[in-house]
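Quick note: numbers below take in every heavy atom, side chains included, and nothing from hydrogens, waters or symmetry partners.
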Number of protein chains: 2
Amino acid sequence: MAQAIPFRQVSPLKASCQQCSLSNLCLPLAIGENDLARLEDIIQQGRIFNRGEHIFDQSTPYRSCFAVKSGSIKTSIITESGEEQVTGFFMPGELVGLDSIGGEHYACTAKALERTSVCEFPIDRLEELTGKLPGLQHHMYHLMSQEIQNSHQLAMLLSKNTAEERIAALLLSLSSRFQRRRMSPTNFSLPMARNDIANFLGLAVETVSRVFTRFQNQGIIKARGREVELLDIEALQLVSREFSRQCNN
Amino acid sequence: MAQAIPFRQVSPLKASCQQCSLSNLCLPLAIGENDLARLEDIIQQGRIFNRGEHIFDQSTPYRSCFAVKSGSIKTSIITESGEEQVTGFFMPGELVGLDSIGGEHYACTAKALERTSVCEFPIDRLEELTGKLPGLQHHMYHLMSQEIQNSHQLAMLLSKNTAEERIAALLLSLSSRFQRRRMSPTNFSLPMARNDIANFLGLAVETVSRVFTRFQNQGIIKARGREVELLDIEALQLVSREFSRQCNN
DNA sequence: CGTCCGATTTGATCGAAGTCAAACAACTAC
DNA sequence: GTAGTTGTTTGACTTCGATCAAATCGGACG
């Protein structure tokens with residue numbers, strides 16, 4: 001039994017986007033089958049990060065952007081005064097690091113919220129490739145403009161909406177993002193702590209907690225710890241004037 | 001005297017970025033002299049908008065992005081419930097419409113705050129060109145990521161800072177942007193109304209007004225209407241914990 | 001299994017900024 | 001000029017959510 005069974009080890013460096021369940025969400029969706037190999041060529045795949053580990057750090061030289069394969073990531077910026085501002089949460093199939101493309105350094109820090117695996121796209125090779133594949137370039141523009149819009153939506157949420165509205169919007173955003181990944185839109189586990197939610201939404205932790213219990217008392221959601229069940233999505237949409245499509249997504 | 005003096009009229013469609021005083025701020029800065037002509041080829045130049053006129057409207061098909069030549073522009077999104085959220089102010093040399101690139105429709109409305117002239121970059125031709133000029137593509141990525149960062153900064157301002165801090169940050173941002181355009185950093189005229197400032201910063205108009213007078217009483221600024229003089233920039237930086245580089249810029 | 005430490009919840013109090021209201025200034029158009 | 005409209009300022013009052021404080025829960029680990 002000590003005898004090793006010979007087997008072919010798949011090279012850890014070569015990605016196979018075709019077999020990835022996220023290929024319809026991730027960059028490959030912008031590429032024809034024939035060109036896919038060129039994208040796979042530049043990907044450094046399969047790095048795994050444990051909860052709390054940094055995928056990259058603010059102010060370090062910009063090298064790559066990353067696609068989430070599994071798990072989830074939060075990005076945040078740290079000010080000179082040491083305050084943290086969470087700028088986004090990223091789920092499988094989403095691209096992290098777009099806010100720094102074209103810059104010399106990472107503009108934020110990306111941290112794994114749970115055990116997370118990512119695909120890495122070295123920026124110089126990616127830029128080279130987008131120069132050759134108009135569809136991919138277009139998609140990059142699209143993703144980046146999407147990110148600008150998300151951020152504007154967030155700004156609107158922060159400047160115009162109450163605590164309840166903000167939290168309802170976040171729950172709905174997460175819900176639709178889970179759904180797109182073929183997971184339950186009503187029954188999921190929050191990858192982030194209350195603290196992160198509060199920071200992201202510009203609220204105090206206590207307020208987040210209170211709103212969660214208020215929603216629970218109203219029968220809109222059921223929440224125990226990070227486990228959440230959305231009992232009445234329509235009510236949530238009603239609370240969040242702005243309806244769905246908030247924040248990220 | 002009725003006899004016309006023959007002269008060569010420069011074609012109004014052909015831009016001459018080389019003679020534009022903004023060429024060191026605008027897109028040409030990413031391009032070598034030899035390639036500049038290719039950029040000039042695709043520009044539709046010189047459209048002029050009066051105060052209040054729309055450069056483009058939210059939800060209409062996306063055609064072009066625009067560089068401000070003179071004047072200034074504000075962008076805003078209108079929600080289903082009819083509320084407006086100002087998402088940015090744009091000064092000469094800055095590019096408007098990046099939040100919609102790669103999308104089918106404009107994600108916001110752009111309105112001239114004063115008599116404003118712009119250069120237009122049709123998106124299909126621009127994408128084509130960035131595919132051929134790596135430097136230009138890189139610069140587009142840079143501009144877009146910059147815009148994401150600005151928006152994150154704004155989100156932070158909205159979620160963590162007081163009314164005074166927000167307004168100080170805005171004044172400093174405007175100041176440094178005027179300076180880069182070789183105008184006085186301490187003595188300028190606000191292109192936007194109090195209302196727009198309030199909306200942009202997530203405040204009530206009354207609060208903006210009060211903070212202006214408070215700053216004035218403290219001898220930090222002098223303001224009469226839209227005319228503003230920054231008397232003590234250091235004090236402003238002190239008020240705005242986050243120091244300069246806020247918001248746009 | 002109990003201890004410890006961080007995360008979450010709950011309660012009580014306070015304050016910054018919103019809202020309502022009205023005066024005032026600036027600009028247009030007639 | 002005057003009237004009308006819009007933008008700005010000032011005052012009085014209210015409120016949502018922050019802050020302070022403390023209890024409770026939950027998981028990691030010896």
Side-chain angles (χ1 to χ4, degrees), chain A residues 50-52 74 83-86 111 113-115 156-171 189-218 221-228 239-241, chain B residues 50-52 74 76 83-86 89 111 113-115 156-171 189-218 221-228 239-241:
Chain A
N50 288 315
R51 174 216 270 239
K74 94 168 183 204
E83 287 172 303
E84 178 181 23
Q85 166 75 31
V86 175
K111 188 190 247 189
L113 287 169
E114 52 196 316
R115 195 171 167 78
M156 177 149 62
L157 207 61
L158 292 174
S159 80
K160 298 223 189 317
N161 295 65
T162 67
E164 296 199 349
E165 290 162 348
R166 298 183 207 183
I167 290 175
L170 177 63
L171 289 174
S189 162
L190 297 171
M192 73 295 278
R194 296 281 186 280
N195 212 343
D196 294 324
I197 295 179
N199 188 306
F200 180 63
L201 295 178
L203 299 169
V205 203
E206 295 94 324
T207 305
V208 174
S209 181
R210 272 185 259 269
V211 171
F212 266 82
T213 57
R214 215 176 303 160
F215 280 171
Q216 190 151 221
N217 293 337
Q218 295 167 359
I221 70 172
K222 212 172 72 150
R224 203 198 307 283
R226 295 193 175 186
E227 233 48 55
V228 176
V239 171
S240 148
R241 304 181 186 146
Chain B
N50 287 316
R51 174 216 271 236
K74 94 169 181 200
S76 57
E83 287 171 304
E84 178 182 21
Q85 166 75 31
V86 175
F89 302 111
K111 188 188 245 188
L113 287 170
E114 52 196 315
R115 194 171 167 79
M156 177 148 62
L157 207 61
L158 293 174
S159 80
K160 298 223 187 318
N161 296 63
T162 67
E164 296 199 350
E165 289 162 349
R166 297 183 207 183
I167 290 175
L170 177 63
L171 289 174
S189 161
L190 298 171
M192 73 295 278
R194 296 281 186 279
N195 212 343
D196 294 324
I197 295 179
N199 188 307
F200 180 63
L201 295 178
L203 299 169
V205 203
E206 295 94 324
T207 305
V208 174
S209 180
R210 274 186 259 269
V211 171
F212 266 82
T213 57
R214 215 176 303 159
F215 280 169
Q216 189 152 223
N217 293 338
Q218 295 168 359
I221 69 172
K222 210 171 73 147
R224 201 196 311 280
R226 296 193 175 186
E227 233 46 56
V228 175
V239 171
S240 149
R241 304 180 186 146

Is the closest side-chain heavy-atom distance between [X] and [Y] below 4.5 Å?
{"X": "A/R166", "Y": "A/V208", "answer": "no"}
{"X": "B/Q85", "Y": "B/S76", "answer": "no"}
{"X": "B/F200", "Y": "B/K74", "answer": "no"}
{"X": "A/V211", "Y": "A/L203", "answer": "no"}
{"X": "A/L201", "Y": "A/T207", "answer": "no"}

Rounding to an integer number of Å, can you tell me how far [X] [atom1] sits from [N] [atom2]?
{"X": "B/N217", "N": "D/dT10", "atom1": "CG", "atom2": "P", "value": "8 Å"}
{"X": "A/R210", "N": "C/dT13", "atom1": "CZ", "atom2": "C1'", "value": "11 Å"}
{"X": "B/M192", "N": "D/dT8", "atom1": "CE", "atom2": "P", "value": "11 Å"}

Below 3.5 Å, does any donor atom in the side chain of [X] face an acceptor in the base of [N], or the other way round?
{"X": "A/R226", "N": "D/dG26", "answer": "no"}
{"X": "A/R194", "N": "C/dT10", "answer": "no"}
{"X": "A/E164", "N": "D/dC16", "answer": "no"}
{"X": "A/R166", "N": "D/dG17", "answer": "no"}

* Consider the side chain of B/A193, meaning its heavy atoms from C-beta on, and name the nucleotide among C/dT8, C/dA17, D/dG7 that approaches it most closely. =>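 Nearest to the side chain of B/A193 among the choices is D/dG7.
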
* To do: Please say whether more than 12 non-hydrogen atoms of neighbouring residues, nucleotides or ligands are located less than 6.0 Å from CZ in A/R51.
  =>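 It does not: A/R51 CZ has 12 such atoms or fewer within range.
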
* For nucleotides 22-30 of chain C, just jot down a letter per nucleotide in 5' to 3' order: B, S or -, based on protein non-hydrogen atoms under 4.0 Å. => ---------

* To do: Look at A/T213 and C/dT9 and indicate whether a side-chain polar atom (N or O) is within less than 4.0 Å of OP1 or OP2.
  =>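 So the side chain of A/T213 is outside the cut-off, no N or O lying under 4.0 Å from OP1 or OP2 of C/dT9.
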
* Below 4.0 angstrom from OP1 or OP2 of D/dT8, is there any side-chain N or O of B/S209? ->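 Answer is no, no contact under 4.0 Å.
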
* Asked: Within the structure shown, what part of the strands sits under 4.0 Å from A/A204 by heavy-atom distance: base, sugar-phosphate, or nothing?
  ->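 The answer is base, as A/A204 lies within the cut-off (heavy atoms under 4.0 Å) of a base atom.
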
* Asked: Does the pair B/E83/A/K160 count as a salt bridge with the N-to-O cut at 4.0 Å?
  ->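 Salt bridge: no.
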
